[in-house]
Amino acid sequence: MEEFSPKFITFEGGEGAGKSTQIRLLAKWLTGRGIEVVMTREPGGCPGAEQIRELLVKGDTDRWTSMSEALLMTAARSEHVERTIKPAIKRGCWVLCDRFFDSTIAYQGGARGLGIERMQELQHIALHGLKPDLTFILDLPVDVGLARAVGREALKEDREDRFERMNYAFHENIRDSYLKIAALEPQRCVVLEANKDITSLQNDLRAEVNHRFGGIQ
Ligand code: TMP
């Protein structure tokens with residue numbers, strides 16, 4: 001079987017974009033082709049970062065200042081990178097990560113108003129310049145995504161909906177911010193239309209992975 005060098009791929013988008021379903025399907029496809037895959041998520045992905053997640057995704061929308069929120073997200077990410085992501089890549093695994101630093105840039109930098117460039121700088125400092133090999137931005141209208149996400153959270157007993165409860169303008173800003181990030185880094189970021197059925201979107205993802213990294217089919 002052909003050897004593929006490890007890749008670090010991140011998945012971004014507003015609420016309800018379908019990231020986790022798409023990651024699972026992509027992981028299955030890659031695994032079936034002899035590639036070892038680690039699926040992980042942010043905030044979280046290692047014990048310390050999962051503890052920080054609890055502080056961030058629950059409770060009042062105004063429980064943190066924007067800067068505290070950005071720093072907590074980034075602290076969780078530093079743990080995650082050192083304890084989960086880098087070791088997995090070192091072992092030769094492909095890492096598929098549900099959200100990464102672009103979430104801080106879009107949510108805290110854009111929607112929370114801390115500034116896209118400022119948050120990019122913070123990520124550069126905290127992660128010593130580490131960047132994903134490829135970032136998918138799943139783009140869909142805010143009302144469609146929110147309706148999906150709210151429906152999903154309503155079924156849970158222990159709701160992680162602190163960000164979903166922010167106002168509509170907040171979510172519009174996130175969408176615009178992701179498109180700005182993609183325009184700033186077109187080599188790394190691929191924007192995909194996510195308002196379509198699961199299989200079509202998965203086919204788009206697979207085609208892009210094949211195109212970028214070659215020979216997976
Ligand atoms: P999830 O719903 O995708 O698990 O993510 C939890 C929430 O945290 C989601 O609403 C987006 C938000 N978030 C940020 O605001 N900044 C970040 O850096 C990350 C990773 C997530």
[X] to [Y] - nearest heavy-atom pair and separation:
{"X": "Phe100", "Y": "Ile85", "answer": "CE1-CD1, 3.8 Å"}
{"X": "Cys97", "Y": "Phe8", "answer": "CB-CE1, 3.9 Å"}
{"X": "Thr61", "Y": "Met166", "answer": "O-CE, 3.7 Å"}
{"X": "Arg188", "Y": "Asp102", "answer": "NH1-OD2, 2.8 Å"}

Taking side chain to side chain contact (heavy atoms under 4.5 Å, CB included) as the test, write out the residues that go with Asp197, two or more places apart.
Thr199, Ser200
Not counting sequence neighbours, which residues clear ring pair (Phe, Tyr, Trp, His ring centres under 6.0 Å) with Phe11? List them please.
Phe136
Stepwise, does the side-chain hydrogen bond (donor to acceptor under 3.5 Å, both in side chains) test hold for Tyr107 with Ser66?
CA-CA 9 Å; Tyr107 280 70; Ser66 313; over 6 Å; no
Answer yes or no: is there an ion pair linking [X] with [Y], defined by an N-O contact shorter than 4.0 Å?
{"X": "Lys19", "Y": "Asp98", "value": "yes"}
{"X": "Asp158", "Y": "Lys58", "value": "yes"}
{"X": "Glu69", "Y": "Arg112", "value": "yes"}
{"X": "Lys196", "Y": "Asp204", "value": "yes"}

Who else is in the cluster with Leu140 when I, L, V, M, F, W and Y are joined by side-chain contacts under 4.5 Å?
Val144
Apart from Val142 itself, what residues make up its hydrophobic cluster, given side-chain heavy atom links below 4.5 Å?
Leu146, Tyr168
Apply the test side chain to side chain contact (heavy atoms under 4.5 Å, CB included) to residues Arg63 and Leu56: give CA-CA distance (whole Å), side-chain angles for both, the deciding distance (0.1 Å), then the verdict.
CA-CA 9 Å; Arg63 86 181 267 196; Leu56 285 161; over 6 Å; no
Determine whether Leu201 and Leu26 fall in the same hydrophobic cluster, where Ile, Leu, Val, Met, Phe, Trp and Tyr are linked whenever their side-chain heavy atoms lie under 4.5 Å apart.
yes
Going by side chain to side chain donor-acceptor pair (under 3.5 Å), name the pairs with one or both residues in residues 139-152, residues two or more places apart or in two chains.
Asp139-Arg175
Does a side-chain heavy-atom distance below 4.5 Å link Arg212 with Asp133?
no
Just wondering, do Trp29 and Ile35 contact through their side chains at under 4.5 Å, heavy atoms?
no
Are there more than 12 heavy atoms of other residues, nucleotides or ligands under 6.0 Å from atom NZ of Lys90?
no
Can you confirm whether the side chains of Glu12 and Thr135 place a donor and an acceptor under 3.5 Å from each other?
no
Would you check if there is a donor-acceptor pair between the side chains of His171 and Glu15 at a distance under 3.5 Å?
no
Name each donor-acceptor pair under 3.5 Å that joins a side chain in residues 120-132 to protein atoms two or more places apart or in another chain, with its distance.
| from | atom 1 | to | atom 2 | distance (Å) |
| --- | --- | --- | --- | --- |
| Gln123 | OE1 | Arg77 | NH1 | 2.8 |
| Gln123 | NE2 | Thr74 | OG1 | 3.2 |
| Lys131 | NZ | Glu185 | OE1 | 2.9 |

